[in-house]
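The figures that follow rest on heavy atoms only: side chains count, while hydrogens, waters and symmetry mates do not. By convention in this document, chain letters (A, B, ...) are assigned in the order of the sequence lines, proteins followed by strands, and residues within each chain are numbered from 1.
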Amino acid sequence: MGLGKLSFTALKGVFSKPATRRYPFEARPPIAKSRGRIHFDDGKCTYCSLCELKCPPDAIKVDRQGRVFAIDHLLCILCGACVEACQKGSLSMDAKHGEPWTEKQKLSWHTEAPPKPSGDAAPKA
Amino acid sequence: MGARTIIPFGPQHPVLPEPIHLDLVLEDEKVVEAIPSIGFIHRGLERLAEKKDIHEMAYVSERICGICSFTHGMGYCTAIEAVMKIDVPERGHYLRMIWSEMSRIHSHLLWAGLLADGFGFENLFMQSWRLRERILDLIEETTGGRVIFGSCKIGGSRRDIADDVMARLLKELASLEKDCHAITDTFMEDSTVAKRTRGVGVIAPDDAIALGAVGPMLRASGVASDSRSLGYALYPELSFAPIVEKDGDCWARTAVRVREIYQSFDLIRQCAAKMKPGPVDVKVSGNPSGEYWARLEQPRGEVIYYVKGNGTKNLERYRVRTPTFANVPPLVHMLKNIDLADVPVIVLTIDPCISCTER
Ligand code: SF4
Ligand code: SF4
């Protein structure tokens, strides 16, 4: 490399913008389709356990009787099989990777069964 | 004959991101023999086929390797599809080929950086990895993952690439291709790179064939062997010829990989031009019964997938022969009668992937 080209490259390096981002002050916005983290919406879930059936590493456990949905995010491989399996739209893939986990934990949700539409439990007036 | 010394090389060594161990038998500074030992990171993934069903095994296959992950998933799916006689739609094939060529570009850029680091050219290492970051962004945009694509499934592809994303992808790839010249020109023309690679670790074509070398390692010795010419997926539809160099030394292996980066850019463009709208997958039901060997070209060479199904949802036998496993005997051959200082560069030019090798 000639001296001219060498000085040109060196000067360009001095005056150009840094090639790297100043993380963590400047975080990169998440890429739209990124598989970041599984998001669970307990309002829509019917506790059918289809997602548990499809999950390759068994990260999801659903208790159908007790109406409990539990997910271990550290086991989850973010394959998206549960999102494809869920017919109720209660699982979705969040593009944001979220905060790192500081301890091992299973997140679980429980909702009470909706009141039965027919009144066979309630005494007739 | 001088006194012999044995120098242990690995499993922990600055040039090895993964553990392999070589006992180097030296006479003064010359290596007279290299004795390899592997088995540090065996994970028993083949046995997992007994516990995970055929669809879940696609995810397991992808995790055999963190660099050529996509082609592993594709090899497994190709083998199962052949057993079950599934016709993957055209668009599914084209998507698979685009992703496997993108993974080749990212793998070769990663390797180029490691090689530069191996002979102490730190700046070149950083520039190679800076460019690799851009292809990783494109992979993330189209598949959702940077390393594990998760986009190949039995029966086709799990995702599609929308037309506007494809247009952006092609534009970005064209600009990336232009920027790649700065680093590849350095690899090919710089005198310091040539000093460390020219005439080092030469393997003759006959030896390479006899010892079972595959991939860029074999092509650098002048043998035009590339599994993509066997015609899996829709490679026969593309204009493609294996890239060959004659010298069989570290420089020739570098040249093959550098030229393959540009070939992959071209193949992606060809795929994009030929792709028509349509379905990307077919519905799969039933279980495989029968056996098949699938041979695919990974960035490191030919991978062989053997599957044997017995009509249940679990495979009876699942076997993977990875390219690095095939390239270890030629490596041991090349390490004879060379200087100790050249060992790291020669080890790197086979592009070792040990996690693959041991599964
Ligand atoms: S998340 Fe969806 S698939 Fe899973 S139990 Fe709830 S409704 Fe069923
Ligand atoms: S993304 Fe995959 S691994 Fe994670 S919970 Fe869903 S099915 Fe299980």
Side-chain angles (χ1 to χ4, degrees), chain A residues 1-3 5-14 16-23 26-39 50-60 72-87 91-98, chain B residues 45 48-49 51-63 66 69 73 123-124 126-127 129-131 133-134 136-154 157-162 164-165 168-169 172 179 182 185-186 189-193 281 283 313:
Chain A
M1 198 188 264
L3 201 60
K5 197 172 172 195
L6 201 66
S7 345
F8 175 73
T9 313
L11 278 176
K12 208 172 92 185
V14 171
S16 55
K17 268 199 333 194
T20 47
R21 202 179 295 113
R22 293 187 66 230
Y23 187 83
E26 248 178 78
R28 189 192 70 173
I31 288 179
K33 288 260 180 73
S34 190
R35 286 177 281 134
R37 190 170 284 181
I38 290 292
H39 176 78
L50 262 180
C51 51
E52 176 182 348
L53 211 70
K54 289 282 176 184
C55 178
D58 303 329
I60 298 181
D72 185 342
H73 282 285
L74 289 176
L75 261 186
C76 169
I77 57 170
L78 292 164
C79 62
C82 55
V83 180
E84 287 170 25
C86 182
Q87 305 294 314
L91 288 170
S92 56
M93 188 66 82
D94 205 340
K96 268 184 88 154
H97 291 247
Chain B
L45 293 184
L48 212 51
K51 277 174 76 181
K52 299 285 171 194
D53 73 25
I54 52 163
H55 299 282
E56 292 174 341
M57 277 312 282
Y59 299 111
V60 175
S61 304
E62 240 190 342
R63 281 158 178 81
S69 56
N123 203 336
L124 192 52
M126 283 186 264
Q127 296 300 336
W129 280 38
R130 186 167 70 102
L131 292 176
E133 208 56 28
R134 284 168 61 190
L136 289 185
D137 282 349
L138 291 177
I139 291 172
E140 186 174 358
E141 199 174 331
T142 49
T143 69
R146 296 170 83 74
V147 172
I148 300 291
F149 297 18
S151 297
C152 201
K153 66 169 179 185
I154 300 173
S157 160
R158 180 164 269 115
R159 294 178 180 75
D160 198 353
I161 304 182
D164 57 328
V165 179
R168 206 165 55 241
L169 177 95
E172 176 62 15
D179 295 345
D185 287 354
T186 312
E189 286 158 23
D190 197 86
S191 56
T192 48
V193 176
D281 60 345
K283 214 171 145 36
K313 69 180 176 44

Interatomic distance, A/Cys51 atom SG to A/Gln87 atom CD [nearest 0.5 angstrom]: 11.0 Å
Pairs table: donor-acceptor atoms between chain A and chain B closer than 3.5 Å:
from, atom 1, to, atom 2, distance (Å)
A/Arg28, NH1, B/Asp137, OD1, 3.1
A/Arg28, NH2, B/Glu140, OE1, 3.3
A/Ser34, OG, B/Glu140, OE2, 2.6
A/Arg35, N, B/Gly144, O, 2.8
A/Arg35, NE, B/Thr143, O, 3.3
A/Arg35, NH2, B/Ile148, O, 2.7
A/Arg35, NH2, B/Phe149, O, 2.7
A/Pro56, O, B/Lys52, NZ, 2.6
A/Ile77, O, B/Arg63, NH2, 3.4
A/Glu84, OE2, B/Arg158, NE, 3.1

For A/Leu53, all residues meeting side chain to side chain contact (heavy atoms under 4.5 Å, CB included), sequence neighbours excluded: none
Reported CG-to-CG distance for the pair A/Leu6 and A/Leu11, which is rounded to 0.5 angstrom: 10.0 Å
Contacting moiety of A/Leu78, where chain B heavy atoms sit under 4.5 Å: neither
Heavy-atom closest contact (B/Cys152 atom, B/Ala58 atom, distance): O-CB, 4.3 Å
Reported CD1-to-CG distance for the pair A/Ile60 and A/Leu91, which is rounded to 0.5 angstrom: 5.5 Å
Straight-line distance of B/Ile154 CD1 to B/Ile54 CD1, nearest 0.5 Å: 4.5 Å
